[in-house]
Trainee: 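Structure below; questions to follow.
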Amino acid sequence: MRVFVTGATGFVGSAVVQELIRAGHQVLGLARSRAGAKSLIAAGAQVHRGGLEDLESLHSGAVLSDGVIHTAFNHDFSKFAENCEMDRRAIEALGTALAGSDRPLLVTSGVALLASSRTATEEDTPVPRSSSYPRASEVTAESLAARGVRASVVRLPPSVHGDGDHGFVPRLIDFARQNGVSAYVGEGLNRWPAVHRLDAARVYRLAIERGAAAGRYHAIAEEGVAFKDIAAVIGRRLNVPVVAKSAEEAGEHFGWFAQFAGLNAPTSSERTRALLGWEPKQAGLVADIDQPIYFETKTASTVARA
């Protein structure tokens with residue numbers, strides 16, 4: 001297959017590119033910059049210049065391909081609503097290019113808000129778009145599917161980990177450095193599902209090879225890791241105390257990130273494993289972050305394109 005990948009130079013997308021190429025597929029990767037284009041060429045992919053704002057470029061990239069994997073998203077939370085709208089328009093452009101064909105589209109979403117007080121599954125419907133939650137990735141994919149496009153969704157956990165991680169765990173490390181303590185909320189028993197980026201990439205590859213026909217896939221290697229265990233690794237590695245914070249105190253320590261620090265989102269991938277024959281092979285979250293590379297002095301980026 002010739003697969004068009006958006007976000008092809010990002011943390012998840014670059015792993016998807018490598019996974020597809022190793023499996024013998026051709027990859028057409030979206031690149032915004034000359035540096036991004038060079039990295040794609042080095043990986044063995046072809047380059048399609050453009051960005052999420054360039055709908056014509058997205059449309060033409062999809063037209064040239066046998067299938068599309070959309071991993072790009074601007075994670076600048078200061079412009080979250082605008083970025084969600086840009087994502088919606090991008091998915092529409094990709095889907096329009098595939099309409100009337102049997103070529104698959106895989107859209108990326110998340111599992112964090114799917115369920116409350118229970119384990120989320122692939123059967124859970126997407127979170128409706130609203131002023132408080134403007135992201136429309138899944139509902140846009142469902143709308144395209146209703147119009148005959150073979151559109152499906154890969155849901156990622158809050159923590160996709162591995163070399164190059166610039167997401168949630170690096171932010172926790174930053175907070176611990178800044179405040180001199182590694183904190184958790186309450187008893188710290190709230191659970192984060194997790195997956196290594198290389199295991200997630202295999203879900204995308206297997207799903208696109210099977211025509212992305214199952215609706216929703218969960219790239220979840222661990223159903224739920226206790227937040228306190230994550231905080232413990234950070235405290236030990238930084239040699240700072242590990243402390244409990246009340247919900248009120250969490251706001252002072254984590255700031256805007258407090259809602260994520262207290263997130264309890266156990267998630268199953270049982271159906272995905274059965275459909276795709278997928279089993280995670282990489283290290284789990286706690287073992288993976290318990291390495292010096294995670295604690296090299298650096299600041300988690302406030303703007304990340306995944």
Side-chain angles (χ1 to χ4, degrees), residues 7-19 22 39 42-43 71 75 108 110-112 156-185 188-205 218-245 253-254 257 260-267 269 278-306:
T9 61
F11 179 59
V12 173
S14 60
V16 171
V17 169
Q18 295 166 5
E19 175 71 23
R22 279 195 297 266
S39 70
T71 69
H75 289 88
T108 302
V111 303
L156 297 175
S159 184
V160 180
H161 55 92
D163 189 14
D165 186 355
H166 50 239
F168 280 17
V169 170
R171 285 184 169 87
L172 295 176
I173 293 169
D174 285 348
F175 290 130
R177 281 199 176 105
Q178 294 163 9
N179 296 307
V181 297
S182 179
Y184 55 89
V185 183
L189 300 181
N190 58 297
R191 293 181 290 163
W192 276 13
V195 70
H196 193 283
R197 63 190 288 263
L198 300 183
D199 284 325
R202 288 177 52 242
V203 172
Y204 283 96
R205 194 257 301 170
H218 280 186
I220 304 294
E222 296 176 280
E223 185 172 290
V225 179
F227 191 88
K228 186 176 183 178
D229 293 341
I230 300 169
V233 172
I234 294 172
R236 175 165 48 79
R237 280 285 179 177
L238 295 180
N239 194 29
V240 298
V242 180
V243 302
K245 297 285 186 179
H253 180 89
F254 296 108
F257 196 78
F260 297 109
L263 181 69
N264 186 41
T267 305
S269 59
W278 173 72
E279 286 296 333
K281 297 179 179 179
Q282 304 298 320
L285 176 61
V286 168
D288 195 33
I289 67 174
D290 195 2
Q291 301 181 73
I293 192 170
Y294 259 91
F295 296 88
E296 294 174 354
T297 304
K298 56 187 178 181
T299 302
S301 172
T302 58
V303 180
R305 293 182 188 266

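FYI, the numbering just counts along the sequence from 1.
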Trainee: Looking only at heavy atoms, what is the nearest atom pair of Ile220 and Val195, with distance?
Mentor: CA-CB, 4.5 Å
Trainee: Distance check, rounded to the nearest 0.5 Å: Leu156 atom CG versus Thr108 atom OG1?
Mentor: 5.5 Å
Trainee: Can you check whether Ala176's main-chain N or O pairs, donor with acceptor, with Ser182's side chain at less than 3.5 Å?
Mentor: no
Trainee: Please identify each residue that fulfils side chain to side chain donor-acceptor pair (under 3.5 Å) with Ser14, with sequence neighbours left out.
Mentor: Arg197
Trainee: If you compare all heavy atoms of Ile289 against all heavy atoms of Phe295, which two are closest, and at what distance to 0.1 Å?
Mentor: O-CE1, 3.1 Å
Trainee: Taking the side chain as every heavy atom from C-beta outward, state whether Val233 and Tyr294 have any atom pair closer than 4.5 Å.
Mentor: no
Trainee: For the residue pair Leu238 and Ile173, what are the closest heavy atoms and their distance?
Mentor: CD1-O, 3.9 Å
Trainee: Closest heavy-atom contact between Pro158 and Ala112?
Mentor: CG-CB, 4.3 Å
Trainee: Check whether any side-chain heavy atom of Leu172 lies under 4.5 Å from a side-chain heavy atom of Phe254, and answer yes or no.
Mentor: yes
Trainee: Whether Arg171 and Asp174 form a salt bridge (side-chain N of Lys/Arg under 4.0 Å from carboxylate O of Asp/Glu) is what I want to check.
Mentor: no
Trainee: Any chance you could measure Asp163, atom CG, to Phe11, atom CZ, to the nearest 0.5 Å?
Mentor: 8.0 Å
Trainee: Given 3.5 Å as the limit, does a donor-acceptor pair link the side chain of Gln291 with the main chain of Asp288, or not?
Mentor: yes
Trainee: So, the side chain of Asn190 versus the backbone of Ala261: is there a donor-acceptor pair under 3.5 Å, distance only?
Mentor: yes
Trainee: For Arg236 versus Asp290, what's the shortest heavy-atom pair and its separation?
Mentor: NH2-OD2, 2.8 Å
Trainee: Minimum heavy-atom separation for Val169 to Ser159, with atom names?
Mentor: CG2-OG, 3.8 Å
Trainee: Looking at Pro157, is its backbone amide N or carbonyl O close enough to the side chain of Trp192 to form a donor-acceptor pair, meaning the two atoms are under 3.5 Å apart?
Mentor: no
Trainee: Hey, is the main chain of Leu198 close enough, under 3.5 Å, to the side chain of Gln282 for a donor-acceptor pair?
Mentor: no
Trainee: Could you tell me the separation between the CG atom of Asp199 and the NZ atom of Lys281, rounded to the nearest 0.5 Å?
Mentor: 8.5 Å
Trainee: Could you state the interatomic distance from NE2 (His166) to NE2 (His75), rounded to the nearest 0.5 Å?
Mentor: 7.5 Å
Trainee: Quick check: are there more than 12 heavy atoms from other residues, nucleotides or ligands sitting under 6.0 Å from NZ of Lys245?
Mentor: yes
Trainee: Within this structure, what is the CG-CZ distance for the pair Leu263 and Phe227, rounded to the nearest 0.5 Å?
Mentor: 9.5 Å
Trainee: Angle class for the Phe257/Phe175 ring planes (parallel below 30°, perpendicular above 60°, tilted otherwise)?
Mentor: tilted
Trainee: At what distance, to the nearest 0.5 angstrom, does CZ of Arg202 lie from CD of Glu279?
Mentor: 8.5 Å
